[in-house]
Chemist: 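Before anything else, here's the structure in question.
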Amino acid sequence: MIGFIDVFPCGLAFNFTFEDEMWAVDDQFCVQPKCSCSETILSYLKLVDRAGVTARKIRDVPSHRYNHLTRKTDSLSEWPATGPSQTDLFGALKAANPKLDEHLRFRQLILQTLYIRMEMEQTKSLFGSLAATPRPKIGRNDPCPCGSGRKYKHCCLNKPSRLSDA
């Protein structure tokens, strides 16, 4: 799972107000290209409490899984006993972001695309380094690399290469 804010630190967070407190949501996604999951982990971070005090440390972050296709939620662990319920926070998030499901799907597609690009670049660099390795030059009087035991000049030196046959 990769958090959207981890990749785009200046990206737009899902912010909302609940009972005169300011909250933000950290959304994390599966980015494996072959995975068809549509689950997001939503972690609720209290930014400013009712007294207007900015949170300095974030502890006991309430989190849950949310499937943005089936619109079902599933608890990850025990929800903190103090503070608002999962249903209340999620309801406030949905009210503040009416197109939440579409935004979550879009964010997941962005992260999956970036992950695929990263994998392709790593593969290209791997194959590029393999192709760049120079092959040792075969001398005319060296044993033929085909394994016949004959000298290269009497065996494969003047035979057309397989690449030129194509």
Side-chain angles (χ1 to χ4, degrees), residues 1-136 161-163 166:
M1 301 295 273
I2 295 178
F4 192 78
I5 297 296
D6 294 335
V7 177
F8 298 103
C10 296
L12 298 174
F14 294 115
N15 296 332
F16 65 98
T17 304
F18 178 72
E19 294 182 354
D20 296 326
E21 296 177 327
M22 291 189 62
W23 292 79
V25 171
D26 178 35
D27 46 335
Q28 298 178 12
F29 302 90
C30 172
V31 294
Q32 297 296 324
K34 294 180 181 175
C35 182
S36 62
C37 77
S38 54
E39 288 186 346
T40 306
I41 294 179
L42 301 174
S43 300
Y44 297 88
L45 312 167
K46 188 189 304 185
L47 301 176
V48 179
D49 67 8
R50 289 184 190 126
V53 177
T54 304
R56 293 180 190 255
K57 292 182 181 178
I58 299 172
R59 296 182 186 166
D60 299 325
V61 176
S63 302
H64 65 93
R65 276 192 205 111
Y66 175 64
N67 188 318
H68 53 268
L69 292 181
T70 62
R71 296 188 170 108
K72 292 183 180 178
T73 60
D74 182 27
S75 295
L76 286 173
S77 59
E78 183 120 359
W79 193 265
T82 59
S85 71
Q86 174 182 327
T87 309
D88 292 340
L89 278 180
F90 186 63
L93 171 65
K94 291 277 279 186
N97 300 281
K99 294 187 176 187
L100 179 68
D101 298 321
E102 294 171 31
H103 289 294
L104 293 175
R105 179 66 187 140
F106 184 65
R107 286 180 174 211
Q108 184 178 26
L109 288 173
I110 289 171
L111 292 177
Q112 282 178 333
T113 302
L114 290 174
Y115 184 80
I116 290 169
R117 283 185 183 175
M118 181 191 71
E119 277 191 335
M120 287 174 51
E121 287 301 318
Q122 288 176 346
T123 304
K124 279 183 191 177
S125 67
L126 174 68
F127 283 122
S129 65
L130 291 175
T133 2
R135 293 185 181 160
S161 70
R162 293 181 193 167
L163 295 176

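Fair warning: this is a prediction, and the values are worked out from it, not measured in the lab. Positions are given from 1 along the sequence.
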Chemist: So which atom in V61 and which in S43 form the shortest heavy-atom distance, rounded to 0.1 Å?
Modeler: CG1-CB, 3.7 Å
Chemist: Given D101, which partner from the list K94, K72, R107 fulfils the salt bridge (charged side-chain N to carboxylate O under 4.0 Å, His left out) test?
Modeler: K94
Chemist: Closest approach of A96 and N15, non-hydrogen atoms and distance?
Modeler: CB-O, 4.2 Å
Chemist: Sequence neighbours excluded, which residues qualify as ring pair (Phe, Tyr, Trp, His ring centres under 6.0 Å) partners of H68?
Modeler: none
Chemist: Would a 4.5 Å heavy-atom cut-off, applied to side chains only, mark V25 and N97 as touching?
Modeler: no
Chemist: Heavy atoms only: give me the nearest T17-A92 pair and the separation to one decimal.
Modeler: O-CB, 4.2 Å
Chemist: I'd like to know if the side chain of Q108 and the backbone of C37 have a donor-acceptor N/O pair within less than 3.5 Å.
Modeler: yes
Chemist: Start with the C-alpha distance between W23 and L93, add both sets of side-chain angles, then the distance that settles side-chain contact (heavy atoms from CB on, under 4.5 Å), and finish with yes or no.
Modeler: CA-CA 9 Å; W23 292 79; L93 171 65; over 6 Å; no
Chemist: Going from CD1 on I110 to CZ on F4, what distance comes out if it is rounded to the nearest 0.5 angstrom?
Modeler: 4.5 Å
Chemist: Please say whether more than 12 non-hydrogen atoms of neighbouring residues, nucleotides or ligands are located less than 6.0 Å from CZ in F8.
Modeler: yes
Chemist: What is the distance from atom CD1 of I116 to atom CD of Q32, rounded to the nearest 0.5 Å?
Modeler: 10.0 Å
Chemist: Check the pair V7 / Y115 against side-chain contact (heavy atoms from CB on, under 4.5 Å), numbers first and verdict last.
Modeler: CA-CA 11 Å; V7 177; Y115 184 80; over 6 Å; no
Chemist: In terms of the angle between their ring planes, are Y66 and H64 parallel, tilted or perpendicular, with boundaries placed at 30° and 60°?
Modeler: perpendicular
Chemist: With rounding to the nearest 0.5 angstrom, report the CE to OG1 distance, M118 to T123.
Modeler: 9.5 Å
Chemist: State the CG-CD distance between L42 and Q28, to the nearest 0.5 angstrom.
Modeler: 9.5 Å
Chemist: Would you give the length of the straight line joining atom CD of Q86 to atom OG1 of T73, rounded to the nearest 0.5 angstrom?
Modeler: 5.0 Å
Chemist: Mind listing the closest non-hydrogen atom pair of A95 and P98 along with its distance?
Modeler: O-CD, 4.1 Å
Chemist: Taking atom CG of D6 and atom CZ of F29, what is their separation to the nearest 0.5 Å?
Modeler: 11.5 Å
